[in-house]
Amino acid sequence: PCQLAMLRKAQEFFQTCDAEGKGFIAKRDMQRLHKELPLSLEELEDVFDALDADGNGFLTPEEFTTGFSHFFFSQSNP
Amino acid sequence: DPNMKAGATSEGVLANFFNSLLSKKTGTP
């Protein structure tokens, strides 16, 4: 159940970042969040690079979910 | 160890990012 909750949240956040519904997140999608989140462009770029495991410049739902799951389970299991 | 430091930093920015998204969704900072 915990994993299901995590997957739902990851999907929800992915859609927040991928507002156009392309199926991937590009760096400019991440930079667009600058208006909505209290993070600087530099921080958002760091987030993107941290999530972009293969470094191809696009975040897939799998990469996003992997990054989110690390955060999610580190929060729920201190 | 620079690698460990980089890992900890990216963990920090990710935590910050996801917490911001959570706050945005729930409306509670």
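Chain letters run A, B, ... following the sequence lines, proteins first and then strands; every chain starts at 1.
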inquiry  = Tell me whether A:E42 at atom CD has more than 12 heavy atoms from other residues, nucleotides or ligands lying less than 6.0 Å away.
reply    = no

For B:F17 and A:C17 the tightest heavy-atom approach is CZ-SG, 4.0 Å

query: With the 4.5 Å side-chain cut-off for hydrophobic clustering, are A:V47 and A:L41 part of the same group?
result: no

Practice task
May I ask whether A:F72 and A:L7 are part of the same hydrophobic cluster, defined by side-chain heavy atoms of I, L, V, M, F, W, Y residues being less than 4.5 angstrom apart, directly or through others?
Solution key: yes

Cut-off 4.5 Å, heavy atoms of chain B, and the answer for A:F71 is side chain

CZ (B:F18) and CG (A:L51) are apart, to the nearest 0.5 Å, by 5.0 Å

In terms of hydrophobic clustering (I, L, V, M, F, W, Y; side-chain heavy atoms under 4.5 Å; direct or indirect links), are A:F58 and A:F68 co-clustered? no

Subject >> Any side-chain heavy-atom pair of A:H70 and B:L14 under 4.5 Å >> reply: no

* Heavy-atom side-chain proximity of B:N19 to A:Q75 below 4.5 angstrom -> yes

Would you say B:L21 and A:K9 make side-chain contact, with heavy atoms under 4.5 Å? no

Separation between CD (A:E12) and CG (B:L22), nearest 0.5 Å, reads 9.0 Å

In terms of heavy-atom pairs under 4.5 Å with chain B, the winner among A:D49, A:D46, A:L44 is A:D46

